[in-house]
2 protein chains.
Amino acid sequence: MAIEVDDILRRNSLSVTDSRKKILSLFLSIHGALAHGDIERKAGEKFDRVTVYRTLQTFVEKGIIHTIPTTDNSVRYALCKDNCTEGHHHDNHIHFICMQCGSTLCLEEVLVPEVRLPKGFTSSEIEVVIKGICKECNNKKNSPIVETAGLRLRL
Amino acid sequence: MAIEVDDILRRNSLSVTDSRKKILSLFLSIHGALAHGDIERKAGEKFDRVTVYRTLQTFVEKGIIHTIPTTDNSVRYALCKDNCTEGHHHDNHIHFICMQCGSTLCLEEVLVPEVRLPKGFTSSEIEVVIKGICKECNNKKNSPIVETAGLRLRL
DNA sequence: ATTGTCGCGCAACTGAGTTGCAAAATCTAT
DNA sequence: ATAGATTTTGCAACTCAGTTGCGCGACAAT
C-alpha cells in the first residue's frame with residue numbers, strides 16, 4: 001500500500017510527504033467519502049489543520065480526489081476512481097448519502113441520467129445527490145430479530 | 001404586492017413584520033434564488049444579519065422557501081412555487097446555476113429524472129443541480145456584435 | 001394598566017477556512 | 001552523500017458565515 005501511495009503521488013508530480021501519504025492512504029482504505037473533519041480525526045491528530053486543507057486542495061487540483069456537494073452544506077471528498085492514473089475527468093456518476101449511517105458513497109455504476117433542459121439552456125455539468133438508506137443499513141434492518149431472555153437484538 | 005405578502009405571512013401563521021415583508025417581497029420580485037448575502041445587500045442594509053438568518057430559517061420551516069445546494073458550498077434560497085399556499089411539499093424539480101451571470105434558478109418544468117439504484121439501496125430524496133449557461137446569457141452571446149467608432153458592443 | 005408572547009437588534013461567541021512567514025523536509029544535480 | 005534550490009509544513013493571526021443569549025420594544029389578550 002505504501003508503495004502504491006508513493007506511486008500515485010509521484011505520478012502526479014507531488015513531493016512524497018508524510019501527510020500526503022497518510023491522507024491518501026486513508027482515502028484508499030476507506031470505501032466512501034471523507035469530510036475535512038473526518039480526515040483530521042482519523043489521521044490521528046498528527047497534522048496541522050492547515051496542512052490537511054492544503055493537501056486536500058492539492059489532491060483536488062491534481063484530480064486525485066473530487067468534491068461531493070451535500071444538502072447540509074458541508075464538503076466531502078472522495079477518490080476519483082480512474083483518476084489516480086489519468087488526468088482530470090468529468091465525473092459522470094452519482095452520489096449517495098445514507099441518512100442512517102451518514103456515509104457518502106460514489107455510485108460509480110449509476111450514470112448521471114439525461115436531463116432535457118428548456119430551450120436556450122446549455123449544460124456543462126450535472127450533479128446528482130441521492131439521500132436514502134444504503135445497502136448495508138437496509139440489510140441490517142431486514143435481518144431477523146433475535147429474542148433472548150427478554151432482549152431484542154438485531155444482528 | 002404588499003397585500004399579497006401580508007397574506008402569505010398570515011396564511012403561515014407568522015406575525016407580519018417589516019423584515020419579513022421586505023425579505024418575502026424580495027423573493028417574490030426576483031426570478032431565481034438568493035443567497036443570504038444577496039438578501040442583506042438588497043434589503044438595503046436595514047436589518048440585522050441575525051434577523052435575516054432567523055427570517056430565512058422561519059421561512060424554510062414554514063415551507064415558504066427552500067434551500068438549494070451548490071457545489072461551491074454556499075446555500076441559496078428560493079421560493080417554493082406551490083408552497084406559499086399549501087404546506088410542505090417535496091421538491092421534484094431541478095436546479096440550474098448559470099456560470100456566466102451566476103444566478104440560480106428552479107427549473108420547475110423539468111422533473112427530476114428516474115434513477116435506478118443498485119440492489120439494496122433505497123432513496124428518499126434526489127437533488128439535481130445542473131451548471132451551464134442560462135437562456136438569457138445564451139441569447140446575449142448569440143446577439144450580433146455592433147461595431148461603432150472602435151467600440152465593440154454586445155446588445 | 002398588567003401580563004404574556006413574539007420578533008428584533010446588539011454583543012459575544014464558535015468553527016471553518018485562509019494567509020503570511022519562518023522553519024523543516026524533500027528533491028535535484030553534482 | 002551533500003549543497004543548494006524548491007516545496008511543504010506548522011504556527012499564529014485573521015476573516016467570514018452562522019449561532020446563541022439576552023434585554024428591549026411592539027403588540028394582543030385580560
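In what follows, every chain begins at residue 1, and chains take the letters A, B, ... in the order their sequences are listed. Bear in mind that the values here come from a model prediction, so they are computed numbers and not experimental data.
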A/Asp7 meets the side-chain contact (heavy atoms from CB on, under 4.5 Å) criterion, sequence neighbours left out, with A/Arg11
Heavy-atom closest pair (A/Ile8 atom, A/Leu28 atom, distance to 0.1 Å) is CD1-CD1, 4.1 Å
Review point. Should the pair B/His93 and B/His66 be assigned to parallel (<30°), tilted (30 to 60°) or perpendicular (>60°) ring geometry?
Key: perpendicular
Residue pair A/Phe96 / B/Leu117, side-chain heavy-atom distance below 4.5 Å: yes
With sugar-phosphate taken as primed atoms, P, OP1 and OP2 and all else as base, the protein-contact string of nucleotides 12-30 of chain D at under 4.0 Å (heavy atoms; B, S, -) is B----SBBBB---------
Does A/Ser15 have a side-chain nitrogen or oxygen under 4.0 Å from the phosphate oxygens OP1 or OP2 of D/dT7? no
In short, the helix from C/dA1-D/dT30 to C/dT30-D/dA1 is bent end to end, axes from five pairs each side, to 10°, by 30°
Those residues at least two apart in sequence (or on a different chain) that pass side-chain contact (heavy atoms from CB on, under 4.5 Å) with A/Val50 are A/Asp48, A/Arg54
Footprint ends on DNA chain C, 5' to 3', for atoms under 4.0 angstrom from a heavy atom of chain B, come out as C/dC6 to C/dA11
Sequence neighbours excluded, the answer for side-chain contact (heavy atoms from CB on, under 4.5 Å) partners of B/Lys135 is A/Phe121, B/Asn139
When rounded to whole Å, the CG to C1' distance for the pair A/Leu14 and D/dT6 reads 14 Å
In terms of heavy-atom contacts, B/Phe59 and B/Ile23 come closest through CE1-CG2, 4.1 Å
CD (B/Glu114) with more than 12 external heavy atoms under 6.0 Å:
no
Taken to the nearest 0.5 Å, the spacing of B/Leu111 CG from A/Arg116 CZ works out to 12.5 Å
(Q) So that I can tick it off, tell me whether B/Asp6 and B/Arg10 are bridged by a salt bridge, with the cut-off set at under 4.0 angstrom between side-chain N and carboxylate O. (A) yes
